[in-house]
Amino acid sequence: MFRYDPDMANLIFDYCRGRLALDPVPLDFAGEKDKLDAVLGGLLNRHGNDAASVMKVFSEHLATAVISCDSPRFLAFIPAAPTRASVLFDMVVSCSSLQGSSWLEAAGAIAAENQALKFLAGLAGLPDHAGGVFVSGGSAANLSALVVARETARRRGFPTAGRYAVAVSDQAHSSVANTLRILDMEAMVVESEHHRLNGRSLRAAMNARGAEDVVAVVATAGTTNAGIVDDLAGIAEVAGERGLWFHVDGAYGAAALFSPTARPLLEGIERADSLVIDPHKWLFAPFDCAGLIYRDPPLAKAVHTQDASYLDPIHQGRDWNPSDYAYHLTRRARGLALWFSLAVHGSDAYSEAVDASLLLAKQTAQRIDARANLEVVYPPMLSIVLFRRLGWEVEDYYRWSARLLEEQVAFVTPTSWEGETVARLAFLHPKTTMEIVEEILDTMS
Ligand SMILES: Cc1ncc(COP(=O)(O)O)c(C=O)c1O
């Protein structure tokens, strides 16, 4: 089991080489449980199987039942578009069993990950001493950050008779509500103006509440549904006045820091106490990679450091242990794929790729408005376009979505907007073209 088998290596490398060379990758299909159960039946047994036959099951039956989120025709939810460099380097991370938990064990990997985090922090305008860790996703990052917000409030003696509360907009990502439930914190939902949280509404909500139990505010830099950036500067202002922890969830949209044209939308991000930005979304890294950056890392360290006798050796020096900055201990050096790709291609290539999606979203909105039966619901701020097909009911959108996948035109899923079901296109793949968009719009006539 532990011997190097060149045949198995060739089998896997050949598959990977083939996949890497696909341009574009096929969209593929959703799976059916009965069929998948049938091909998997009996595969896990006492004696094992020939590697080639297991790989055949994977490539012919399992891989094709996964909709390729790295296809330029995947425009649902939040797609992915990892660079070849990042995917290749991720294989290096796997082959080398590179973990990145403590400096003692993994200084080289951690130094490079921290260089990538510093680069992102610098773009955001955070101070030089800002730092953090790459975690598995935006949800893990929101949870890890808001634990720090809560515990920091507690340490500072923030007065409260009961639970702490966090100000959020009704557009915050679902993981924020989950986080607050897990942490037994209350969500103080602040009404947004046109789906955008601003400082004025936050101040009014704080005054109306009167109580001093609100310890943090979550702003979103790019809502998942519509790509709306909250009024970060105005919210930061109120957070400063009230001593609130200012958390910015830029899991999707903070990648716009790379775009000179979109950067002004993110004004105020530099005042964040904690910031989330997911390279596995719009920064072209493979899953699973989310950057979590703290303005003042020692506050996070005071909360997340795990204390155990067997871990004493990693806490001897003043070294940087990524395990100190989120709720995990062992972790993959998942930031290296971003680091390698950024080092190879340079940040200008990232700016161009982000700008391409921003432009495509704007042009798509124009094309939609030029069609008599289509209507933009919210002018795109970033790279998500919401629009309606006049006369369509809920079932029409779902039928349309299923048909497009069946015909391999695109994977697009409906969403809802102010109670109405509408169509949604999320762009971040640099190879999604206007031709693909027009092909999709043509199916709605
Ligand atoms: C704004 C925002 N926050 C958090 C998340 C959750 O991130 P993840 O899916 O990586 O856990 C998402 C996911 O789309 C998101 O868009």
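Read the numbers this way: they start at 1 and go in the same order the structure lists the ligands and their atoms.
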- Note on the structure: Quick look: D278 vs ligand 1, heavy-atom contacts under 4.0 Å, and the answer is side chain
- Query: Which value, rounded to the nearest 0.5 Å, describes the distance between L126 atom CG and L120 atom CG?
  - Reply: 10.0 Å
- Query: Taking atom OH of Y398 and atom CD of E393, what is their separation to the nearest 0.5 Å?
  - Reply: 13.5 Å
- Message: Distance alone, cut at 3.5 Å: any donor-acceptor contact between the side chains of R331 and S136?
- Response: no
- Query: How about Y325 and W320: are their ring centroids closer than 6.0 Å?
  - Reply: yes
- Message: Just to check, does S175 reach to within less than 4.0 Å of ligand 1 when the distance is taken from its heavy atoms?
- Response: yes
- Of all protein heavy atoms, the one nearest atom 11 (O) of ligand 1 is S139 OG, 2.6 Å
- Message: Within the 3.5 Å criterion, strictly below it, is a donor on H247 or N142 matched to an acceptor on the partner's side chain?
- Response: yes
- Atoms in ligand 1 flagged as close to T224, the criterion being non-hydrogen separation under 4.0 Å: 1 (C), 2 (C), 14 (O), 15 (C), 16 (O)
- Query: Would you say G138 and ligand 1 have an N/O pair spaced under 3.5 Å apart?
  - Reply: yes
- Message: Suppose I only count heavy atoms of D249 and a 4.0 Å limit; which atoms of ligand 1 are within that range?
- Response: 1 (C), 2 (C), 3 (N), 4 (C)
- Message: Under a 4.0 angstrom heavy-atom cut-off, which atoms of ligand 1 come close to I78?
- Response: 14 (O)
- Task: Would you check if there is a donor-acceptor pair between the side chains of S192 and S169 at a distance under 3.5 Å?
- Result: no
- Item | Heteroatom distance test (K281, ligand 1): nitrogen or oxygen, under 3.5 angstrom | yes
- Message: Can you name the atoms of ligand 1, numbered from 1 with element, that are less than 4.0 Å from a heavy atom of H280?
- Response: 10 (O)
- Query: Quick one: which ligand 1 atoms are inside 4.0 Å of a heavy atom on A251?
  - Reply: 2 (C), 3 (N), 4 (C), 15 (C)
- Check: D319 and L104 side chains under 4.5 Å, non-hydrogen atoms: no
- In this structure, atom 6 (C) of ligand 1 is nearest to the protein heavy atom H173 CE1, 3.3 Å
- Query: Are T305 and D324 linked by a side-chain donor-acceptor pair shorter than 3.5 Å?
  - Reply: yes
